[in-house]
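Just so it is clear, the structure is predicted and the values come from calculations on it, not from any experiment.
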Amino acid sequence: MPRSSWSLVLVLILGIGATVRSQSSDTVPLLHRPLDQLLDLNVRDGLVYYRALRSERGRLDRYVSSLNVTPATYGAWSRDEKVAFWLNAYNGIVLQTVINAYPIQGKSGTYPAGSIRQIPGAFEQIKHRVAGRALTLDEIEKTVLPEFKDPRVYLSLGRGAIGSGRLRSEAYTAARLEAQLGSTQSEFVDDRSMLRIDRLSGRMTLTPIISWREAEFIAAYDKGAQGPYAQRSPIERAVIAFIAPNLFRLEREFAAKNDFQIAFHEFDWRLNDLTGRAD
């Protein structure tokens with residue numbers, strides 16, 4: 001599609017959503033409003049218009065720079081404000097990391113072509129200044145987020161990949177944090193990158209994100225060796241407790257029989273790119 005036509009499409013999309021978004025923008029703190037607007041414009045059903053976002057990199061760069069608030073400012077925030085801050089920071093940094101290298105070129109045979117994993121050190125080496133600290137994306141996930149003791153946050157991280165689950169088209173906010181994390185949990189059972197249930201084979205497979213953060217899921221959801229699943233492992237009990245409230249009827253019946261295997265499927269590192277190509 002010619003660049004002029006692509007721009008027209010984005011203008012039309014923005015125009016359609018402007019009325020709805022204008023009613024909620026006041027509830028987003030000023031700090032996160034730029035990210036909220038960029039997500040609203042450039043994310044659809046969890047996929048990102050990276051080619052279009054690249055043309056607005058100035059706004060995204062300014063937002064990421066603004067995340068280096070003083071420790072005193074950060075310390076004065078509520079628990080939910082801090083959680084929303086770190087989720088937005090992680091997701092904003094991932095978007096910046098992708099467009100800094102977009103279209104991604106890499107030679108690693110371990111990951112798909114165009115994957116964020118083709119960017120050297122994207123998660124484990126590149127440092128970012130956030131709240132007065134120099135942190136990698138991995139450090140945010142492994143050293144900062146655990147203090148909040150809510151494993152739903154790990155399923156809310158936009159890792160720049162299909163396997164991450166659905167990236168929201170809005171920023172996280174303290175006022176709506178519980179509803180937003182609740183949606184992450186309820187949507188889990190209907191997202192094949194998160195959960196796959198095969199009733200015929202008696203098999204349930206889940207995103208490896210849960211295995212990466214196994215201790216946190218067990219601490220939050222395993223009630224110990226009791227009830228019908230007492231003989232299962234702690235992580236299996238935690239998984240069942242996590243998904244049970246939102247299973248559909250046939251899947252609830254499948255789980256109630258307690259005659260199934262649980263495993264973790266491979267993470268899908270393909271880039272969550274809506275355009276699929278670049279100029």
Side-chain angles (χ1 to χ4, degrees), residues 74 78-91 93-94 116-117 121-125 127-128 130-131 133-161 163-168 172 177-178 180-189 191-197 203-247 255 258 260-269:
Y74 175 78
S78 69
R79 182 260 187 195
D80 284 1
E81 286 175 317
K82 291 175 180 177
V83 173
F85 172 82
W86 286 111
L87 291 177
N88 290 334
Y90 187 103
N91 292 343
I93 290 169
V94 166
I116 188 174
R117 281 294 193 180
F123 291 93
E124 68 280 359
Q125 293 180 11
K127 297 278 188 175
H128 310 275
V130 187
R133 303 164 66 178
L135 298 166
T136 65
L137 288 168
D138 275 357
E139 286 171 335
I140 292 175
E141 177 177 356
K142 297 176 182 179
T143 68
V144 177
L145 292 179
E147 70 183 75
F148 301 110
K149 302 185 186 305
D150 188 339
R152 295 176 299 178
V153 299
Y154 305 111
L155 302 171
S156 304
L157 298 177
R159 304 168 193 271
S164 303
R166 188 175 69 86
L167 178 66
R168 301 187 73 85
Y172 287 90
L177 183 65
E178 183 54 39
Q180 290 171 319
L181 293 179
S183 292
T184 295
Q185 183 173 358
S186 63
E187 293 167 359
F188 184 95
V189 302
D191 184 341
R192 284 187 54 80
S193 70
M194 298 286 105
L195 174 68
R196 302 167 192 169
I197 293 179
R203 186 174 173 84
M204 178 190 302
T205 69
L206 302 106
T207 172
I209 295 172
I210 292 180
S211 66
W212 300 342
R213 306 269 73 83
E214 179 175 323
E216 289 90 336
F217 275 91
I218 290 174
Y221 294 104
D222 177 32
K223 305 305 180 184
Q226 55 182 295
Y229 305 107
Q231 301 305 312
R232 287 188 174 270
S233 68
I235 187 58
E236 288 181 321
R237 293 194 299 263
V239 163
I240 294 167
F242 179 73
I243 66 175
N246 299 295
L247 289 176
N258 195 18
F260 54 87
Q261 293 180 325
I262 292 180
F264 297 100
H265 52 246
E266 186 176 353
F267 190 87
D268 188 347
W269 278 110

Original post:
Got a donor-acceptor contact below 3.5 angstrom from the His265 side chain to the Ser193 backbone?
Top reply: yes

**OP:** Determine the sole option in Glu178, Gln180, Glu216 for which the side chain to side chain donor-acceptor pair (under 3.5 Å) test with Arg152 is passed.
**Re:** Glu178

Original post:
Should Val83 and Asp150 count as side-chain neighbours, where that means a heavy-atom distance under 4.5 Å?
Top reply: no

Original post:
So how far is it from Leu137 CG to Ile116 CD1, rounded to the nearest 0.5 Å?
Top reply: 7.0 Å

Subject >> Ile93 CD1 to Trp86 CH2 distance, which is reported to the nearest 0.5 Å >> reply: 8.0 Å

Original post:
Just wondering, are more than 12 heavy atoms of other shown residues or ligands nearer than 6.0 Å to CD in Glu147?
Top reply: yes

Original post:
Minimum heavy-atom separation for Leu206 to Val239, with atom names?
Top reply: CD2-CG1, 3.3 Å

**OP:** Mark yes or no for whether Asp191, through its side chain, and Glu187, through its backbone, hold a donor-acceptor pair below 3.5 Å.
**Re:** no

Subject >> Close side-chain approach of Phe242 to Leu155, heavy-atom, < 4.5 Å >> reply: yes

Original post:
Is Glu124 atom CD crowded by more than 12 heavy atoms from other residues, nucleotides or ligands, each under 6.0 Å away?
Top reply: yes

Original post:
Between the side chain of Asp80 and the main-chain N/O of Leu177, is any donor-acceptor distance below 3.5 Å?
Top reply: no

**OP:** Compare every heavy atom of Ala263 with every heavy atom of Arg203, then report the nearest pair and how far apart it is.
**Re:** NH2-CB, 3.5 Å

Original post:
Closest heavy-atom contact between Tyr229 and Ala255?
Top reply: OH-O, 2.8 Å

Original post:
How far apart are the closest heavy atoms of Asp222 and Pro234, and which atoms are they?
Top reply: OD2-CB, 3.5 Å

Original post:
When rounded to the nearest 0.5 angstrom, what distance separates CD1 in Ile218 from CZ in Arg237?
Top reply: 8.5 Å

Subject >> Close side-chain approach of Leu195 and Met204, heavy atoms under 4.5 Å >> reply: yes

Original post:
Does a side-chain heavy-atom distance below 4.5 Å link Leu145 with Leu157?
Top reply: yes

Original post:
Which heavy atom of Thr184 sits nearest a heavy atom of Ser156, and at what distance?
Top reply: OG1-OG, 3.4 Å

Original post:
Roughly how far, to the nearest 0.5 Å, is the CG atom of Asn88 from the CZ atom of Arg168?
Top reply: 11.0 Å

Original post:
What are the two closest non-hydrogen atoms of Gln185 and Asn246, and how far apart are they?
Top reply: O-ND2, 3.8 Å

Subject >> Lys/Arg cation over aromatic Phe260: Arg232, 6.0 Å, 45° cone >> reply: yes

Original post:
Between Arg159 and Tyr90, is any pair of side-chain heavy atoms under 4.5 Å apart?
Top reply: yes

**OP:** Check step by step if side-chain contact (heavy atoms from CB on, under 4.5 Å) holds for Ile209 and Met194.
**Re:** CA-CA 9 Å; Ile209 295 172; Met194 298 286 105; 4.2 Å; yes

**OP:** Could you tell me the separation between the CD1 atom of Ile197 and the CZ atom of Arg192, rounded to the nearest 0.5 Å?
**Re:** 10.5 Å

Original post:
Ring centroid separation for Phe123 and Trp269, is it under 6.0 angstrom?
Top reply: yes

Original post:
Parallel under 30°, tilted from 30 to 60°, perpendicular over 60°: which one fits the rings of Phe267 and Trp212?
Top reply: tilted

**OP:** Indicate yes or no: at least one non-hydrogen side-chain atom of Asn91 is less than 4.5 angstrom from one of Tyr172.
**Re:** yes

